[in-house]
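Input: a single structure, listed below in structure tokens.
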Amino acid sequence: MFAFRATWRGIKEVWYKGYTYIWANVAFIATSLPIITIPAAWSALCKVCHEAQTSPSNADIDLFWQTFKANFWRSLPWGLAHFLFGVMNITNLLTYHATDPATILLRATWWGLGFVWIAVFITTWTFYYEMQAPTLWGATRNALIFVLQNPLQLLIILVIISVIGVISTVLVGLWFVLTIALIVAIYTSAVLMVIEAYRSGVNEG
């Protein structure tokens, strides 16, 4: 139920604040074209989606551009690390096709690591923006803990996201105007729901 509530919350956010998510999606695509700027553009997209759900009045194009510039150098090592891990994992999955038990176990491990990698990649910056003293290492650690504590919920969300991805591939224009921001909005909702529940529990003693 957590997965469906988080997904519905993200979809409602996009429905009610569609313009914000549309221009953020377009801005992300435009600023990602040099390739090397993808990590900074991703951090800016996550910032806008985070502010749209926490402080909507701050979610504007200036915020996107300021975040892009502020995180450009900071995000490069983070993006490179994720890129290398993704290439390694995908290469392993594409290379080994034997049916012996050891290889089957390894492939299952690589699939599991791939799922964790995707979820950590998408949620890291939301944790970063929720931290009082943010560091990318700390945010990545928090994202990893979040994924390992909620694997089934996030797997359900990933399945839903995959369906959205298939629809967007058929209607290819959606990728350019909305889909990426929608995915971030859903995962942002999931993170915020967990953080809100945690803070509520702390406040109640």
Side-chain angles (χ1 to χ4, degrees), residues 2-3 5-7 9-10 13 20-21 24-25 27-28 31-32 35-56 58-59 62-89 112-158 161 180-203:
F2 167 84
R5 290 202 310 272
T7 301
R9 174 171 164 171
E13 280 288 327
T20 297
Y21 289 96
N25 197 102
F28 169 74
T31 52
S32 295
I35 306 299
I36 195 175
T37 57
I38 289 177
W42 181 259
S43 75
L45 174 62
C46 291
K47 178 65 172 180
V48 172
C49 291
H50 175 266
E51 290 297 304
Q53 297 192 35
T54 56
S55 302
N58 295 332
D62 287 336
L63 177 67
F64 183 97
W65 184 239
Q66 290 169 9
T67 306
F68 177 88
K69 291 188 293 183
N71 290 336
F72 182 81
W73 294 110
R74 180 186 299 123
S75 64
L76 279 179
W78 174 84
L80 179 61
H82 275 280
F83 173 76
L84 293 176
F85 183 88
V87 169
M88 179 188 69
N89 209 51
L113 289 174
F115 159 69
V116 172
W117 162 61
I118 291 172
V120 168
F121 175 82
I122 296 177
T123 58
T124 294
W125 285 99
T126 303
F127 279 102
Y128 181 87
Y129 298 129
E130 281 289 313
M131 296 172 69
Q132 290 184 349
T135 64
L136 270 177
W137 173 250
T140 301
R141 179 197 59 208
N142 291 339
L144 180 59
I145 294 172
F146 169 66
V147 174
L148 295 179
Q149 289 182 339
N150 302 277
L152 181 58
Q153 296 93 322
L154 292 174
L155 184 60
I156 294 172
I157 292 176
L158 183 60
I161 293 301
I180 302 172
L182 174 59
I183 291 172
V184 176
I186 291 172
Y187 275 96
T188 298
S189 295
V191 172
L192 292 178
M193 286 173 62
V194 168
I195 291 176
E196 289 163 5
Y198 171 77
R199 287 174 175 164
S200 177
V202 170
N203 292 335

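Please read these numbers as outputs of a predicted model, since none were measured by experiment.
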Any side-chain heavy-atom pair of His82 and Trp42 under 4.5 Å
no
Would you say the side chain of Leu84 lies within less than 4.5 Å of the side chain of Leu80, judging by non-hydrogen atoms?
yes
Does Glu196 offer a backbone N or O that forms a donor-acceptor pair with the side chain of Ser200 under 3.5 Å?
no
How close do Ala52 and Glu13 get, counting heavy atoms only, and between which atoms?
O-OE1, 3.5 Å
Pairwise side-chain contact, Val184 with Phe28, heavy-atom cut-off 4.5 Å (strictly under):
no
Which pair of heavy atoms, one from Asn71 and one from Trp125, lies closest together, and at what distance?
ND2-CZ3, 3.6 Å
Between Tyr129 and Thr54, is there a side-chain heavy-atom distance shorter than 4.5 Å?
no
Carefully, step by step, assess Trp137 and Trp78 under the rule side chain to side chain contact (heavy atoms under 4.5 Å, CB included).
CA-CA 9 Å; Trp137 173 250; Trp78 174 84; over 6 Å; no
With a 3.5 Å distance limit and no angle check, can you tell me whether Thr123 reaches the backbone of Ala143 through a side-chain donor-acceptor pair?
no
I'd like to know if the side chain of Ser75 and the backbone of Ala40 have a donor-acceptor N/O pair within less than 3.5 Å.
yes
Atom OH in Tyr128, atom OG in Ser43: separation rounded to 0.5 Å?
8.5 Å
For the CD1 atom on Ile36, are there more than 12 heavy atoms of other groups (residues, nucleotides or ligands in this structure) within a distance under 6.0 Å?
no
Using modelled atom types and a 3.5 Å cut-off, is there a donor and acceptor pairing between side-chain atoms of Asn150 and backbone atoms of Phe146?
yes
Working to the nearest 0.5 angstrom, can you tell me the gap between Leu182 CG and Asn25 CG?
9.0 Å
Once you round to the nearest 0.5 Å, how far does CD1 of Ile122 lie from CD1 of Ile186?
10.0 Å
Identify the heavy atoms of Arg74 and Leu136 that sit nearest to each other, and give their distance.
O-CD1, 3.4 Å
What are the two closest heavy atoms between Phe64 and Leu45, and how far apart are they?
CE1-N, 3.7 Å
Any chance you could measure Thr188, atom OG1, to Lys47, atom NZ, to the nearest 0.5 Å?
11.5 Å
Tyr21 side chain near Val48 side chain, heavy-atom distance below 4.5 Å:
no
Trp65 and Phe68 aromatic ring geometry - parallel, tilted or perpendicular at 30°/60° bounds
parallel
Separation between CE of Met193 and OG of Ser189, rounded to the nearest 0.5 Å
8.0 Å
Non-hydrogen atoms of Ala185 and Cys49 that approach each other most closely
N-SG, 4.4 Å
Leu192 vs Arg9 side-chain heavy atoms within contact, under 4.5 Å
yes
So which heavy atom on Gln153 is nearest to which on Ala3, and how close?
O-CB, 3.3 Å
Evaluate the side-chain proximity of Tyr187 to Leu154: yes if any heavy-atom separation is below 4.5 Å, no if none is.
yes
Check whether any side-chain heavy atom of Ile156 lies under 4.5 Å from a side-chain heavy atom of Phe2, and answer yes or no.
no
What do the steps show when you test Phe83 against Ile38 for side chain to side chain contact (heavy atoms under 4.5 Å, CB included), and what is the final call?
CA-CA 11 Å; Phe83 173 76; Ile38 289 177; over 6 Å; no
For the atom pair CG (Leu63) and OG (Ser55), what is the distance rounded to the nearest 0.5 Å?
10.0 Å
